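Beneath this line is the structure, given in structure tokens, with notes to follow.
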Amino acid sequence: MSTSATTIFSPETAARFDRLVTLYPVKRSALIPMLLYAQDEIGYISDAVVVEIAQRIGISELDVRSVLSYYSMLRTKPVGKYNVQVCTNISCMLRDGYGIMEHCKKRLGIGHKEVTSDGLFSLEEVECIGACCWAPAVQINYDFYDDLTTEKMDQILDDYKAGRGKETV
Amino acid sequence: MPRLVFHPEEVKIISRRFGQGAADIDKYIALDGYKAVQTAIEKGVDWIIAEMKASGLRGRGGAGFPTGMKWSFVPKQSERPKYVLVNGDESEPGTCKDHVIFLHDPHAVIEGTMIAGLAIGSKMGFIYLRGEYRYLLKIMEKAVADAYAKGFLGKNIFGSGIDFDIVTQTGAGAYEVGEESALMESLEGKRGVPRIKPPFPAVVGLYGGPTVINNAETIASVPHILLMGGEAYAKVGSERNGGTRLFGISGHVVNPGVYELPMGYNLKKAIYEVGGGISNGRKLKAVVPGGSSTPVLTADEIDVGLDFDQMGKAGTMLGSGGIVVIDDQTCMVEFALRTIKFYQHESCGWCIPCREGTDWLKKTIGRVHAGGGVAKDLDNIRYLAENMLGRTFCPLGDAAAMPTIGFIKKFRHEFEDHLNGKPCPYAHAEEPALV
């Protein structure tokens with residue numbers, strides 16, 4: 001499938017997918033990046049995403065779903081516009097990662113894997129994100145925040161609420 | 001943004017360009033960049049392999065296999081294309097060294113990949129970064145595009161008549177994919193479950209072709225080794241452990257950070273001098289010396305050199321170089337629980353001893369920590385962990401079992417305290433919620 005009127009993706013993403021499948025010795029190597037970029041644009045892996053990616057690569061929808069269910073960053077339900085991912089693994093735990101998690105729960109009024117009623121934030125406790133020496137650390141979508149305190153966390157959430165947060169895609 | 005740290009005890013080889021804007025290709029070139037690959041082209045394959053063997057460089061992912069020897073195992077003649085695969089799926093808790101390499105010196109990864117390609121006769125390399133490292137992937141993508149724009153990658157690199165391409169790749173969240181055969185599965189667009197070995201990747205790897213898989217730090221060390229000479233590099237380190245490596249000191253220290261220290265550097269000095277000692281005026285209780293899968297050392301076991309052999313003699317492993325420092329106010333049962341929860345979450349489920357073993361370890365340690373354990377639990381934890389060792393396709397089962405055995409062996413009294421109804425001395429807000 002080439003970029004055409006039938007795609008559910010933006011022209012930029014469709015063009016990126018056209019290129020991705022040509023980069024590797026086999027098309028299927030593009031599957032995981034495509035799922036992640038599709039999720040970035042659509043918000044989650046919908047049935048329509050599965051159908052189009054399966055067609056683009058030339059594999060079955062079942063093959064796509066089998067891979068999709070393996071990787072923890074890929075999801076089949078929407079999350080908040082800003083997905084707050086709090087690391088509580090060992091290095092963060094030792095520097096009050098759980099305190100940050102509890103603070104976010106209270107502040108946002110939601111628990112692990114829940115979304116605020118306005119759809120702005122979701123919260124998730126995650127495994128090690130590779131920021132151990134700057135713990136405790138949080139990722140909001142793809143942006144890292146480290147050396148956190150509850151005060152810093154409040155400031156960061158306030159910034160996102162006011163539309164001033166970083167947005168790396 | 002990760003903060004850069006400096007300490008006079010450091011020997012800056014891999015981190016020489018950190019903080020100097022070397023992500024910019026012109027700056028990288030000005031700092032001796034892309035010289036090593038040109039020398040490598042000029043002097044040829046045998047010279048590269050000889051220098052790498054002389055350097056004593058051992059794999060920085062954790063296994064510590066000699067890099068030069070790994071490269072020499074790839075057959076010279078092959079019907080299928082050969083590949084270089086750079087493992088930047090950095091996911092071992094306590095480890096964030098590749099993070100700073102991708103951030104500060106992305107071209108060193110590219111140049112190292114090219115040299116590995118020359119050494120094994122490959123025309124294509126893949127640089128795989130974990131999905132969470134999106135901003136670092138963008139830095140790597142720009143570096144690769146800049147290298148193509150200069151004509152350093154693509155057809156006829158540096159007039160050698162040799163073609164070499166690099167493709168960057170992203171994962172999507174899976175610790176298991178850091179295991180080399182699972183990494184290849186993931187790059188082929190599949191679930192990250194390990195392959196049965198043999199055949200080893202050097203013979204049958206990516207897309208069925210001979211493949212060299214190296215950790216990102218290993219690859220980033222390569223240009224520096226060729227620039228300074230293998231023997232000179234080896235001399236910086238300890239016996240059979242050439243050079244330096246990036247140690248990530250985290251947890252309860254005054255100055256956490258990623259520091260470059262010679263192999264064999266004393267662990268106690270790393271914690272008290274380089275790391276600035278224990279924070280909040282507390283005392284040291286324990287150290288997890290090389291990422292979460294390495295067996296714990298007690299406070300009086302840390303007068304030991306940080307290299308593969310000395311750590312092995314001390315009953316633990318050098319691992320990924322992630323030194324996690326634990327103070328005397330920490331509950332080791334909770335630490336053990338958080339560790340096993342991670343491995344239970346990340347077990348891919350392919351082998352039964354790992355899938356079931358991590359789950360039962362989590363349940364049993366969890367109930368001991370919650371105050372509902374029974375005396376037999378302590379022996380059961382150890383028995384179960386010991387029976388996982390060596391019984392799985394990939395090392396994840398061992399990675400879960402080894403630290404667990406360490407905790408129960410060295411801190412059994414803390415487990416017993418929980419059985420005897422003493423309150424947990426480490427009070428965090430709530431029981432870990434991960435599902």
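Computed from a predicted structure; not experimentally measured. Residue numbers begin at 1 in each chain, while the letters A, B, ... track the order of the sequences.
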Point to revise | From CA spacing to verdict: salt bridge (Lys or Arg N to Asp or Glu O under 4.0 Å), R338(B), E127(A) | key: CA-CA 10 Å; R338(B) 188 65 189 85; E127(A) 292 297 359; 3.0 Å; yes

Check your understanding: Based on non-hydrogen pairs under 4.5 Å, which of G248(B), G171(B), G257(B), P81(B) is most in contact with chain A?
Key -> G257(B)

Review point. Which pair of heavy atoms, one from P93(B) and one from C128(A), lies closest together, and at what distance?
Key: CA-SG, 3.6 Å

Check your understanding: Tell me, side chain or backbone of S292(B) under 4.5 Å from chain A's heavy atoms, or both, or neither?
Key -> both

Revision key, fill the gap. The interface call for I249(B) against chain A, heavy-atom contacts under 4.5 Å, is backbone

Review point. Of the backbone (N, CA, C, O) and the side chain (C-beta and beyond), which part of V5(B) lies under 4.5 Å from a heavy atom of chain A, both, or neither?
Key: neither

Check your understanding: Between CD1 of I32(A) and OH of Y128(B), what distance do you get to the nearest 0.5 Å?
Key -> 5.5 Å

**Study point:** Atom pair CZ (R134(B)) and OH (Y142(A)), whose distance is rounded to the nearest 0.5 Å
**Key:** 3.5 Å

Exercise for review: Let me know if S320(B) has heavy atoms under 4.5 Å from chain A in its side chain, its backbone, both or neither.
Suggested key: neither

Review item, side-chain donor-acceptor pairs of residues 80-87 of chain A, under 3.5 Å, at least two apart:
unit_1: Y82(A); atom_1: OH; unit_2: E167(A); atom_2: OE2; d: 3.0
unit_1: N83(A); atom_1: OD1; unit_2: S122(A); atom_2: OG; d: 2.8
unit_1: N83(A); atom_1: ND2; unit_2: E124(A); atom_2: OE1; d: 3.3
unit_1: Q85(A); atom_1: NE2; unit_2: N83(A); atom_2: O; d: 3.1
unit_1: Q85(A); atom_1: NE2; unit_2: Q139(A); atom_2: O; d: 3.3
unit_1: Q85(A); atom_1: NE2; unit_2: N141(A); atom_2: O; d: 3.1

Exercise for review: Would you please test C348(B) and Y70(A) for side chain to side chain contact (heavy atoms under 4.5 Å, CB included) and show each step?
Suggested key: CA-CA 8 Å; C348(B) 77; Y70(A) 178 84; 3.8 Å; yes

**Study point:** Engaged part of Y207(B) at the chain A interface, taking heavy atoms whose separation is under 4.5 Å
**Key:** side chain

Review point. Is it the backbone or the side chain of K97(B) that comes under 4.5 Å from a heavy atom of chain A, or both, or neither?
Key: neither

Review point. Is it the backbone or the side chain of T170(B) that comes under 4.5 Å from a heavy atom of chain A, or both, or neither?
Key: both

Exercise for review: Check step by step if side chain to side chain contact (heavy atoms under 4.5 Å, CB included) holds for Y24(A) and L206(B).
Suggested key: CA-CA 11 Å; Y24(A) 309 89; L206(B) 202 54; over 6 Å; no

Study note, to complete from the structure: Taking every heavy atom of G173(B) against every heavy atom of M73(A), the minimum-distance pair comes out as N-SD, 3.7 Å

Exercise for review: Against chain A, label V258(B) side chain, backbone, both or neither, depending on which of its atoms sit under 4.5 Å from a heavy atom there.
Suggested key: both

Study note, to complete from the structure: Of L31(A), V67(A), N89(A), L36(A), the largest count of non-hydrogen pairs under 4.5 angstrom with chain B goes to N89(A)

Study note, to complete from the structure: Taken in chain and number order and not counting sequence neighbours, the residues that satisfy side-chain contact (heavy atoms from CB on, under 4.5 Å) with A182(B) are E176(B), E179(B)

Study note, to complete from the structure: Honestly, the part of Y83(B) sitting under 4.5 Å from a heavy atom of chain A is side chain

Check your understanding: When only pairs under 4.5 Å are counted, which of S66(A), A135(A), A131(A) shares the most heavy-atom pairs with chain B?
Key -> S66(A)

Point to revise | Heavy-atom closest contact (E132(B) atom, F144(A) atom, distance) | key: O-CE1, 3.6 Å

Check your understanding: What distance do H99(B) atom NE2 and I129(A) atom CD1 have between them, rounded to the nearest 0.5 Å?
Key -> 9.0 Å

